[in-house]
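Below: one structure, written as structure tokens.
Reminder, nothing fancy here: chain letters follow the sequence lines and each chain counts from 1.
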Amino acid sequence: AQSVTQPDIHITVSEGASLELRCNYSYGATPYLFWYVQSPGQGLQLLLKYFSGDTLVQGIKGFEAEFKRSQSSFNLRKPSVHWSDAAEYFCAVGRHNAGNMLTFGGGTRLMVKP
Amino acid sequence: NAGVTQTPKFRILKIGQSMTLQCTQDMNHNYMYWYRQDPGMGLKLIYYSVGAGITDKGEVPNGYNVSRSTTEDFPLRLELAAPSQTSVYFCASSYSGRNTGELFFGEGSRLTVL
């Protein structure tokens, strides 16, 4: 069965600092990988996704993520964090032709210090 | 274009009561899902549907039922509410084409069972 681990439950960074959120997955084949963001009281919004090809993917709001097959990782990065990036971030893994059902990690809550 | 709409946003139930969480989408998506979100646990799939008249269990279906009589609507029914069903519930929908995988989420329904 597929699974996703986000090792960091909470992360605090200063505004303007760089950010990396970790995600490790377990899956028997090449997975579809996603990062979603959830602002307080809101639903989840897709930041970026990886299906195949270039292992460095760009998303919205200046985020990027890198798929590393050898490490079973799909870490999310941003070079300079803004206060509006404070939210909860979820990594997810999906299977092709499986009804687009996703398995989510436990989430990482990001706090941004002024 | 409203996207995915969930009602109610908040509800308090007594143990043993029943209720239905409503979900409707106006994007003509074939796939629809119900997830529950508990702190630190990410999102767990309750039920999903790949089209009108077709539903199937997800990871945590016990205590819930669904129906899908139209493409637009996917209500979630709790028959005998239990404290363990206190959670935030998210409905989502997805286009069924290849290499998509993006789920569109509603804003959530916070349910408390006392």
* Asked: Going through the distances and angles, do A/Asn24 and A/Ser72 end up as a side-chain hydrogen bond (donor to acceptor under 3.5 Å, both in side chains)?
  -> CA-CA 6 Å; A/Asn24 293 99; A/Ser72 297; over 6 Å; no
* Asked: To the nearest 0.5 Å, how far apart are OH in A/Tyr89 and CG in A/Leu21?
  -> 7.5 Å
* Structure fact -> Okay, A/Ile9 and chain B: the region with an atom under 4.5 Å from a heavy atom over there is neither
* To do: Select one option (side chain, backbone, both, neither) describing which atoms of A/Gln38 are under 4.5 Å from chain B's heavy atoms.
  => side chain
* Structure fact -> Only one of A/Glu20, A/Glu64, A/Glu66, A/Arg22 passes side chain to side chain donor-acceptor pair (under 3.5 Å) with A/Asn75, and that residue is A/Glu20
* Heavy-atom distances under 4.5 Å only: say whether B/Gln37 touches chain A with side chain, backbone, both or neither. => side chain
* Evaluate the ring planes of B/His29 and B/Tyr95, with Trp represented by its six-membered ring, and classify them as parallel (under 30°), tilted (30 to 60°) or perpendicular (over 60°). => tilted
* Asked: Of the backbone (N, CA, C, O) and the side chain (C-beta and beyond), which part of B/Leu45 lies under 4.5 Å from a heavy atom of chain A, both, or neither?
  -> side chain
* To do: Heavy-atom distances under 4.5 Å only: say whether B/Phe104 touches chain A with side chain, backbone, both or neither.
  => neither
* Asked: Does A/Lys78 count as lying over the ring of A/Phe63, i.e. NZ or CZ under 6.0 Å from the six-ring centre, within 45 degrees of the axis?
  -> yes
